[in-house]
2 protein chains.
Amino acid sequence: MNNGKKAPTIFDVATESGVSISTISRVINNPEKVNLNTRQRVYEAIDKLGFVPQAEARARALRLKGRIGVITPFFTAPSFVQRLRGIARTLSKENFDLVIYTVDSNNRLQSYLSTLPLTGNLDGLIIMSLPVAEADVRRLVDHQLSTVLIEFPHPQLNSVEINDVEGGRIATEYLLKKGHRRIAFLGDTDLPEYSLHPVNLRLKGYRQALEAAGIDIPHEFVRLEPYDQERARMVAKELIDMPNPPTALFAATDFQALGVLKAARQLGLKIPEQLAVIGFDDLDMAEYEDLTTIRQHLDESGKIAIEILLSHIADPSRPVQHITLPVTVIERLTA
Amino acid sequence: MNNGKKAPTIFDVATESGVSISTISRVINNPEKVNLNTRQRVYEAIDKLGFVPQAEARARALRLKGRIGVITPFFTAPSFVQRLRGIARTLSKENFDLVIYTVDSNNRLQSYLSTLPLTGNLDGLIIMSLPVAEADVRRLVDHQLSTVLIEFPHPQLNSVEINDVEGGRIATEYLLKKGHRRIAFLGDTDLPEYSLHPVNLRLKGYRQALEAAGIDIPHEFVRLEPYDQERARMVAKELIDMPNPPTALFAATDFQALGVLKAARQLGLKIPEQLAVIGFDDLDMAEYEDLTTIRQHLDESGKIAIEILLSHIADPSRPVQHITLPVTVIERLTA
DNA sequence: TGTTATTATGAAAGTGTTTTCATTAAAGCC
DNA sequence: GGCTTTAATGAAAACACTTTCATAATAACA
C-alpha cells in the first residue's frame, strides 16, 4: 500500500487503469454507468493504490459527517474539565469525532457561533457554560444544527442546567440547620465577560434561605472576589479577624472553598469548629479535601448533554428537551 | 439569511464590493495586507450577503484539511489535562480544528492508530503518553501524517519528552542535600496497560542518586501502589509507623504526594519537620498545597508539541526533531 | 446495408478558495 | 522633477474532484 508516495489521486488511478479520470469518478459515484470490464479494472487499480477519495469523508456514514463539536471556555476552571470528561467518555463509545473549540474571548465565541453552523461540518454542537445571543440561537435553528446548551437554557434549544438558586438555598439551609446564624458568602466576580456567572444565582439562593429564616446578615459578610485561591485566603483571614466573625461560610465554588481551607490551616483555625465551610460543585479535589459541598454532577451533565444530542441527531423532529439536574448536599468534614 | 438563494461565494462578494476575488480572500486571511478603505467596503459586502467561506473548497485550495488530532489517555490524571491545555491554547490561535481521541483500552488505541492515518482526514497528529508500536510508526511514516509523540520517543517521529531519570535523580539529590538519609519512594503501579510508566524511570533516577551518595535503602522504602490518593494515605501511615521510619519521601506523581500530605495532616504529622515530601509534575494543585516538587512544564510540552507539528506540516521535508524538556526543582514548603 | 438508438468513454469546463506573480499607484529621496 | 522603494491590487494558476457535453463504438432495426 502506497509506500512513501503521496496519497494517490484520481489521476494516479486513471493512469494505472488506463482510462480517464472521468471514468474513475463515475466508477465511484455511478458504477452502473460504467462497463463491467472497465469497472473491474478500475476497482483493481483503486485497491492496488489504496486510493481514498478526498471528498469521501463527506459522503461517509449516511448523511452524517461523524463530528460533534464542543464549544467550551478555555479550561482554567476544573469544573469545565470535569464536564468535558463526561462528554468524552460518553462520546468515545459512539462513532463520532470530538472537536473541541476553546473560547478565550468574546470575539472568539462570536466567531465560532457564527461560522460553525454554516461551515463547521458538524452533526451536533454542545455549548458549555457560555451565553448565546438571540441571533446566534436563530442561526443555529435556521441551519438545523442539533445543539445542546449547558448552563445557559434557551427555549428553542435543548439544554442541561442545574438549579443554582436552589443549590445556594440548600447549602445555606444546611448551615442553618447546623445551628449557624452568622453565615458569610464568598463568590467569584471576575470571570471573563464571555463566560457565565452562576454565582449570582447561588447568592440569590443564599439570600432566600436567610430571609426565610428571618436572619439579617451584615453586608460585609457577602464577599465577591476574583476567582483565585490567593484572594480566597485573604478573604478568609479578613472575615475571621472581624470583631464579630461569621461561624460559617458558603463558598460559591469549591475552588474558592479550598482556598479558604488552606487559609484556615495557615491560621491554625479549626474547621469546622471555628468556621464551618461548605462549597459548591463537588470537584474531584473536594473529596480529597473532605470538603462538604453541593454536588452538581459535572461528569453527568456532560454525559446527559451528549445523550440528548445524539437522540436529537438521530431524529431532528424530536421536541427540544430541557433538563434540570438535581443538586444535593454532600456532607463531609468541613461543615 | 440564506432565504432560498444559493450561498454567496467569494465572487458575489467581489462584485458587491467592486474589487477582485483575490482581495476578498486577502481580507479574510490577511486583513492587514489590504487598504483600510477597501477592507471596510469588503466587510460591508460580506455582512450584507452573509458570506461564509466554504470549508471544503478552502481546504482543497490550501491542500490542508484544517484538522489536527490528539490521541490521549482518557483524562483521569490531571497531568493529561494540563498538557491538553497547552495544546488547546496554542492551537486556538491557528486555523486548525482540534479533534480529541480518548483512549481507554488497548483496543481503542490500536484502532485509532490503524485508521487515523488512512481516513482520519488529519493534517497532523499528536500522540500523548501512549506507546506506539513499530508497525504503527511505519504506517504513520508511509502515509506521511505529520506526527509528534509526547513521552514516547521514536527515532523516526518527532517527539517531546522529559528526562524522567534525571527528574528522579535531582529530586532525590535535593532531599540528600537537605540532609536526609532515609528516603522513601512512592510510585504508581497500576496505570492501565495501554498507558506509559514513567514511574520506572523516575525510580531509576532515585536509585542512581542514592547509589552515587553511597546510601543503602531498606527495600520496604520503595513502594509501588495503585494511582489513588486513598492508597497513598495508607502507605504514608505504614511508612511512618515503621520502627525506623524514613525522614523524607519522594512521590513519583504530585497526585500521590498530595495523598501523603493529607494523611500527614490526619495523623498530626508535621511536614516537613517529621516527614519531608517532594512530588513530581508540578500540577496546578501542587502550588496550592505548597508542595515542593519537580516541575516538568506540562503546559509547555503541549505547546511545543503543537509548534513542532505545525512547522512539520508547513514543510514535511524538515528532519524529525527530538526535544527533551528540562526538569527543575520547585522549592515550596513540604521539603 | 443504411439509418437510428444506445452505451461507453474522454475532453474540458466547472467548483470556491488560496497564492504567486506582475502591474499600477503612491510615497520617499536626492 | 526624475528615480527608486513600497504598498495595494488583480490576473491567473493550482487544488482534487464532479459533471456536462461531445464523440466513438456498438447494437437494433428497417
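All values below come from the heavy atoms of this structure, side chains included, with hydrogens, waters and symmetry mates left out. Chain identifiers are assigned alphabetically (A, B, ...) following the order of the sequence lines, protein sequences preceding nucleic acid strands; residue numbering begins at 1 within each chain.
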Exercise. For B/Ser20 and D/dA11, is the shortest distance between a side-chain N/O and OP1 or OP2 below 4.0 Å?
Worked result: no
Exercise. Closest heavy-atom contact between A/Asn158 and A/Val320?
Worked result: OD1-CA, 3.2 Å
Problem set entry | Passing option when B/Ile127 is tested against B/Leu116, B/Val148, B/Asp136, B/Leu140 for side-chain contact (heavy atoms from CB on, under 4.5 Å) | B/Leu140
Problem set entry | Results of salt bridge (Lys or Arg N to Asp or Glu O under 4.0 Å) for B/Arg295 - residues two or more places apart only |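 Counting only residues at least two positions away or on another chain, B/Arg295 forms a salt bridge (Lys or Arg N to Asp or Glu O under 4.0 Å) with B/Asp282.
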Starting at [atom1] of [X] and ending at [atom2] of [N], how long is that distance when rounded to a whole Å?
X       : N      : atom1 : atom2 : value
A/Ile46 : D/dA16 : CD1   : P     : 17 Å
A/Asp12 : D/dC17 : CG    : C1'   : 13 Å
A/Lys33 : D/dT18 : NZ    : P     : 14 Å
A/Leu36 : C/dT9  : CG    : P     : 10 Å
A/Arg39 : C/dT7  : CZ    : P     : 14 Å
A/Arg41 : C/dA8  : CZ    : P     : 14 Å
B/Gln40 : D/dA8  : CD    : P     : 14 Å

Problem set entry | salt_bridge(B/Asp97, B/Arg67) N-O dist < 4.0 Å | no
Exercise. Is the shortest distance from a Lys or Arg side-chain nitrogen in B/Asp142 or B/Arg139 to a carboxylate oxygen in the other one below 4.0 Å?
Worked result: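 Judged by the 4.0 Å cut-off on N to carboxylate O distance, B/Asp142 and B/Arg139 do not form a salt bridge.
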Exercise. Any side-chain heavy-atom pair from A/Pro131 and A/Leu109 closer than 4.5 angstrom?
Worked result: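 In short, these two side chains touch, coming nearer than 4.5 Å.
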Problem set entry | B/Leu113 side chain near B/Gln110 side chain, heavy-atom distance below 4.5 Å |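 Yes, side chains in contact.
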Exercise. For atom CD of A/Gln144, is the number of surrounding heavy atoms from other residues, nucleotides or ligands below 6.0 Å larger than 12?
Worked result: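 Incorrect, the count does not exceed 12.
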Please list, pair by pair, any protein nitrogen or oxygen found under 3.5 Å from a nitrogen or oxygen in nucleotides 17-23 of chain C.
unit_1, atom_1, unit_2, atom_2, d
C/dT17, OP1, B/Gln54, N, 2.8
C/dT17, OP2, B/Ile10, N, 2.6
C/dT18, OP1, B/Asn29, OD1, 3.2
C/dT18, OP1, B/Asn29, ND2, 2.7
C/dT18, OP1, B/Arg58, NE, 3.2
C/dT18, OP2, B/Ser25, OG, 2.6
C/dT18, OP2, B/Asn29, ND2, 3.2

Exercise. Among C/dG10, D/dT9, C/dT9, which is the nearest nucleotide to the side chain of A/Val19?
Worked result: C/dG10
Exercise. What is the bend of the helix from C/dT1-D/dA30 to C/dC30-D/dG1 when you compare the axis at one end with the axis at the other, using five pairs each and rounding to 10°?
Worked result: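 The angle separating the two end axes equals 40°.
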Exercise. Can you tell me if A/His312 uses its side chain to pair, donor with acceptor, with the backbone of A/Arg318 under 3.5 Å?
Worked result: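 Present.
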